[in-house]
Q: 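One structure coming up, written as structure tokens, with questions to follow.
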Amino acid sequence: VNWCPRDKTVLSDLEVKEETKKDGKLVHLRYPIKGTDAVITVATTRPETMLGDTAVAVNPEDERYSKFIGSEIELPLTGRTIKIIADSYVDSSFGTGAVKITPAHDPNDYEIGMRHGLEQLVIMNDDATMNSNAGPEFEGLDRFKAREKVIERFDELGLLDKVEDYEIALPACERCKTILEPMLSEQWFVKMDEMRDLALELMRDESIPRFSPEIPHKKVYTSWLENLKDWTISRQLWWGHQIPAWYDRDGNIFVARSEAEAKKKAGTEELTQDEDVLDTWFSSALWSFSTMGWDGSKDKSGDLAAFHPTNVLVTGRDIIFLWVSRMVMTSMKFVGEKPFSDVVVTGTVLDKNGQRMSKTKGNGIDPLDVFEKYGVDATRMTLAGSATGADFAWRDERVESFRNFANKIWNATRFCLLNSDGAQVDHSSLLFSEGSVADRWIRSRLNRTAIEVNRALSEYQFHEAVQLLYHFFWDDFCDWYIELAKDEITSAEAGPARDAARTRIITIIEIALRMLHPFMPYLTEELWLKLPGTSNELNHAAYRSATATIMLTEFPNGNASMIDESAEAEMGAVIELISRARNIRAEMNIKPSDRITLHVASGPQQKMVFAANESQILKLAKASELKIEDAVSAPKASARGVLTGGGELAVPLEGLIDFGKEAERLAGQLDKLKTENERLAGQLSNSNFVERAPAEKVQEIRDRVSEIETQMAALKLNLEALR
RNA sequence: GCCGACUUGGCUCAGUGGUAGAGCACUCCCUUCACACGGGAGGGGUCACUGGUUCGAAUCCAGUAGUCGGCACCA
């Protein structure tokens with residue numbers, strides 16, 4: 001076993017970390033062969049262990065040493081006689097081809113020792129000082145002091161062949177970094193064969209647990225299980241569950257559930273319990289059922305029957321072997337079923353340079369500092385938004401952006417609350433069959449978002465859910481819907497129309513807050529309680545009588561029948577027109593305070609949409625007049641643009657327009673279209689593409705080409721008109 | 001040594017066959033009565049490299065390079 005001389009306890013493989021490769025030495029020692037003048041040279045990085053050597057091994061095929069096999073060696077410094085043995089484990093090409101064998105202090109030597117029936121001589125105490133087996137000269141010395149002394153003594157005896165620099169990675173205690181000592185020791189082990197096979201069968205037959213992401217965790221988990229060895233579960237620590245094994249005076253062992261049971265088994269009162277405790281991960285391995293009132297049998301009752309197995313375990317990569325695999329194995333063995341179906345493995349948060357955070361490097365971040373600076377909700381949203389399964393570098397700026405988002409939610413809701421007289425949360429307010437484009441559009445977007453968020457969550461794509469909610473709330477709701485609804489809800493004139501508009505916007509916020517709640521719990525609860533009309537009536541049916549809280553409301557599922565493609569298309573046209581007009585304003589340096597006249601010509605369908613949204617278009621484009629025409633009638637001195645579907649717009653700029661600059665602007669737009677058109681035309685002229693690509697894909701491109709051509713033609717006419 | 005992942009605009013990252021995306025940063029304009037932690041308009045990427053499959057590749061395959069990780073070994 002691996003022994004930590006500082007903690008004085010055994011460690012399992014998973015508690016061992018390779019220490020950064022230290023400069024080691026490979027020491028070559030000469031062992032005199034009895035009855036001859038010959039020596040056999042062995043190499044070691046731990047010379048002090050020669051005091052516990054009980055053989056030297058060579059490869060049976062190695063011609064250099066075959067004549068010595070069976071010979072005896074007079075082991076220097078000890079006066080002991082040991083044998084030269086043959087074992088195929090030895091690699092003739094490494095070092096001298098002869099290996100000193102210390103069965104009590106090396107796992108491979110132990111194996112060889114077992115095969116050849118060698119004596120196992122422990123030469124150290126539990127604090128890694130040498131014991132009496134090391135001889136009077138060495139007894140009491142620390143292992144590293146003893147190492148130096150062995151080299152010195154060999155040198156004095158003329159038996160030191162050479163010392164080479166040798167880079168080696170040493171196993172160290174994960175907690176205290178002390179270099180571990182492999183040591184023969186009596187410990188409790190769990191036989192893993194049966195539990196391992198149960199876990200492997202579960203994976204093979206049912207693909208459980210289902211890892212997310214599946215690559216690489218499924219494979220790593222499976223191959224770890226396949227190579228699983230017995231588990232050392234005893235620890236010489238004071239912290240933990242004491243091992244339920246008792247000894248009588250003669251050293252007979254009684255394993256039992258309780259001391260009373262052990263006494264009954266032993267037939268005596270005079271028992272002493274094993275002082276060791278269980279590996280903390282052994283206790284944790286039982287967690288899925290030991291926390292549910294497990295009675296030691298496979299018969300489930302109470303909480304265990306109700307809650308076991310569960311759906312999903314969310315955890316980090318480094319816990320998969322330590323905990324996840326062991327929960328699966330113990331649950332299969334002791335309850336006879338899986339502990340959970342899915343395992344979501346999150347990425348690791350790295351520092352801003354992409355390095356793992358560690359105490360020694362001091363490059364960690366204190367979550368409390370982040371909470372203090374940006375808020376708990378922003379931090380939570382950042383982590384959820386980064387939960388792709390991949391590691392990610394921590395950047396305060398990212399948290400800051402979600403802090404800003406939290407602020408946006410706060411301000412948007414505050415604004416609606418300031419204008420909420422006469423309104424209250426009312427889901428029936430969204431059931432209208434005829435409404436404005438904006439109302440139909442936001443209802444469609446809200447339901448589409450809810451459906452997409454649910455899908456993302458069911459696939460454990462937390463970052464996608466975060467993105468959907470962020471853009472719905474900020475872009476759709478704040479940037480467009482509030483702006484479009486502003487006049488109505490801030491109208492000085494009280495009445496049913498204003499109340500209805502206010503009720504709709506408050507209701508949309510209520511639903512949005514519920515969607516955001518798992519990601520930003522504090523902010524959403526605070527705001528939700530402030531909304532007029534929220535009460536325990538909105539709690540989930542099972543919690544109707546409880547206090548009103550967003551925590552007990554139902555998560556919005558979204559309603560596919562509320563998705564309104566035509567409303568989204570119409571709104572798209574309005575947004576495009578406003579954006580084009582704003583683009584002209586910005587590029588032509590029109591002062592924000594100046595009102596423009598906006599000419600627009602388009603197909604009949606779009607003209608109706610524009611007419612219906614005239615006041616919003618005027619407001620958001622900062623226009624004083626909207627002229628909807630069959631063909632734009634604007635003067636030559638106008639800035640112009642084209643719309644999807646062949647529409648055109650123009651903004652008269654008498655006295656303001658720089659014809660050269662406008663021509664440049666239009667030429668730039670024309671260039672972009674031209675480049676795209678050339679690429680698409682190339683695709684269409686490829687007969688292979690037209691024949692082999694799906695017809696709808698080909699049609700899509702033809703449509704796009706005709707759209708581009710329409711827009712190009714309009715732009716060209718406008719350009720010529722400028723000259 | 002074996003296995004795996006990653007390499008996308010200045011930065012941090014989404015995006016698994018059909019016109020390259022986000023946040024931050026950057027440029028210009030705006031103290032318009034929810035929010036300057038804000039609003040509007042922009043610029044910026046031959047998706048590491050090479051080859052292959054395909055009508056079509058950031059996306060599939062092979063190889064190369066770099067980065068990171070897991071496992072094994074280390075007399």
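As the structure is a prediction and not an experimental result, all values here were calculated from the model. What you see below is based on every heavy atom in this structure, not just the backbone, and it leaves out hydrogens, waters and symmetry mates. Below, chain A is the first sequence line, B the second, and so on; all start at residue 1.
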Q: Ignoring backbone atoms, test whether Y221(A) places a side-chain nitrogen or oxygen under 4.0 Å from the OP1 or OP2 oxygen of C3(B).
A: no

Q: Starting at atom CZ of F402(A), determine the distance to atom C1' of U12(B), rounded to an integer number of angstrom.
A: 12 Å

Q: Answer with base, sugar-phosphate or nothing: what part of the nucleic acid does L26(A) contact at a heavy-atom distance below 4.0 Å?
A: sugar-phosphate

Q: Tell me what E483(A) touches on the nucleic acid: a base, only sugar-phosphate, or nothing, going by heavy atoms under 4.0 Å.
A: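 The answer is base, as E483(A) lies within the cut-off (heavy atoms under 4.0 Å) of a base atom.
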
Q: My understanding is that only residues two or more places apart in sequence, or in another chain, count here; which of them pass ring-ring contact (aromatic ring centres under 6.0 Å, His included) with F402(A)?
A: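 Result, ring-ring contact (aromatic ring centres under 6.0 Å, His included) vs F402(A): Y470(A).
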
Q: For a quick check of understanding: with a heavy-atom distance under 4.0 Å over all strands, which category does T45(A) fall into, base, sugar-phosphate or nothing?
A: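 Sugar-phosphate only.
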
Q: Is R679(A) touching bases, backbone alone, or none of the nucleic acid, heavy atoms closer than 4.0 Å?
A: base

Q: Using a heavy-atom cut-off of 4.0 Å across all strands, would you classify K591(A) as base, sugar-phosphate, or nothing?
A: nothing

Q: Please enumerate all protein N or O atoms sitting under 3.5 Å from an N or O of nucleotides 39-41 of chain B, with distances to 0.1 Å.
A:
from: G39(B); atom 1: OP1; to: K408(A); atom 2: NZ; distance (Å): 3.0
from: G39(B); atom 1: OP1; to: W474(A); atom 2: NE1; distance (Å): 2.5
from: A41(B); atom 1: O3'; to: N583(A); atom 2: ND2; distance (Å): 3.0

Q: Does C74(B) have OP1 or OP2 sitting under 4.0 Å from an N or O in the side chain of N108(A)?
A: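 True: N108(A) side-chain N/O within range (under 4.0 Å) of C74(B) OP1/OP2.
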
Q: Tell me which residues in residues 388-398 of chain A lie within less than 4.0 Å of RNA chain B, going by non-hydrogen atoms.
A: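 The answer is T388(A), A390(A), F392(A), A393(A), R395(A), E397(A).
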
Q: Pick base, sugar-phosphate or nothing for V690(A), based on heavy-atom distances below 4.0 Å to the nucleic acid.
A: nothing

Q: How many Å lie between CD1 on I506(A) and P on A34(B), as a whole number?
A: 15 Å

Q: Between K162(A) and T41(A), do the side chains contain an N or O donor and an N or O acceptor separated by less than 3.5 Å?
A: no

Q: Other residues, nucleotides and ligands only: do more than 12 of their heavy atoms fall within 6.0 Å of CE on M114(A)?
A: no

Q: Under 4.0 Å between any heavy atoms, over every strand shown, what does D91(A) touch: base, sugar-phosphate, or nothing? Just pick one.
A: base

Q: What's R403(A) touching, base or sugar-phosphate or nothing? Going by heavy atoms closer than 4.0 Å.
A: base

Q: Can you name the residues that form a ring-ring contact (aromatic ring centres under 6.0 Å, His included) with W394(A), not counting sequence neighbours?
A: none

Q: For K100(A), report the nucleic acid contact type (base, sugar-phosphate, nothing); a contact means any heavy atom under 4.0 Å.
A: nothing

Q: Tell me if the side-chain of E464(A) makes a donor-acceptor pair with the base of A22(B), cut-off 3.5 Å, by modelled atom types.
A: no

Q: With sugar-phosphate meaning primed atoms plus P, OP1 and OP2, does K486(A) contact a base, only sugar-phosphate, or nothing at under 4.0 Å between heavy atoms?
A: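 Base: the residue K486(A), judged by heavy atoms under 4.0 Å, touches a nucleobase.
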
Q: Rounding to an integer number of Å, can you tell me how far D106(A) CG sits from C74(B) C1'?
A: 10 Å

Q: From NZ of K218(A) over to C1' of C3(B), roughly how many Å is that when rounded to an integer?
A: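 K218(A) atom NZ is separated from C3(B) atom C1' by 17 Å.
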
Q: Between P on A34(B) and NZ on K530(A), what's the gap in Å once rounded to a whole number?
A: 19 Å

Q: How would RNA chain B look in dot-bracket form, 5' to 3', counting Watson-Crick and G-U wobble pairs with both distances under 3.5 Å and writing | for bases paired to another strand?
A: ((((((((.[[[[.)..(..]]]].(((((.......))))).....[[[[[..)....]]]]])))))))....

Q: Using only atom types and a distance under 3.5 Å, with no angle test, would you say the side chain of N227(A) pairs donor to acceptor with the backbone of S223(A)?
A: yes

Q: Can you check the distance between U67(B) and U8(B), where both ends of the measurement are the C1' atom (answer in whole Å)?
A: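 Taking atom C1' in both U67(B) and U8(B), they lie 16 Å apart.
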
Q: Which whole-number value in Å describes the distance from E400(A) CD to U12(B) C1'?
A: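 Taking CD of E400(A) and C1' of U12(B), I get 14 Å after rounding.
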
Q: Would R326(A) pass as a cation-pi partner of W231(A), given that its NZ or CZ must be under 6.0 Å from the six-membered ring centre and within 45 degrees of the axis?
A: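 Yes, a cation-pi geometry holds between R326(A) and W231(A).
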
Q: Distance only, no hydrogens: is a donor on one side chain within 3.5 Å (strictly under) of an acceptor on the other, for R317(A) and T348(A)?
A: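 Their side chains do contain a donor-acceptor pair, which is all the 3.5 Å distance test asks for.
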
Q: Heavy atoms under 4.0 Å, any strand shown: does K672(A) hit a base, just sugar-phosphate, or nothing?
A: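 Sugar-phosphate, backbone atoms only, no base.
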
Q: Go through the structure and list residues passing ring-ring contact (aromatic ring centres under 6.0 Å, His included) with Y65(A), not counting sequence neighbours.
A: none

Q: May I have the distance from D351(A) (atom CG) to C13(B) (atom C1'), rounded to whole angstrom?
A: 16 Å

Q: Are a donor atom and an acceptor atom from the side chains of R398(A) and S386(A) found within less than 3.5 Å of each other?
A: yes

Q: Between T507(A) and E510(A), is there a side-chain donor-acceptor contact under 3.5 Å, judged purely by atom types and distance?
A: no

Q: How close or far is atom C1' of G23(B) from atom CG of N404(A), stated in whole angstroms?
A: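 The answer, rounded to whole Å, is 11 Å.
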
Q: Would you mind classifying the nucleic acid contact of Y89(A) as base, sugar-phosphate or nothing, using non-hydrogen atoms under 4.0 angstrom?
A: sugar-phosphate

Q: Look at all strands and tell whether R46(A) reaches a base, only sugar-phosphate, or nothing, counting heavy atoms closer than 4.0 Å.
A: nothing

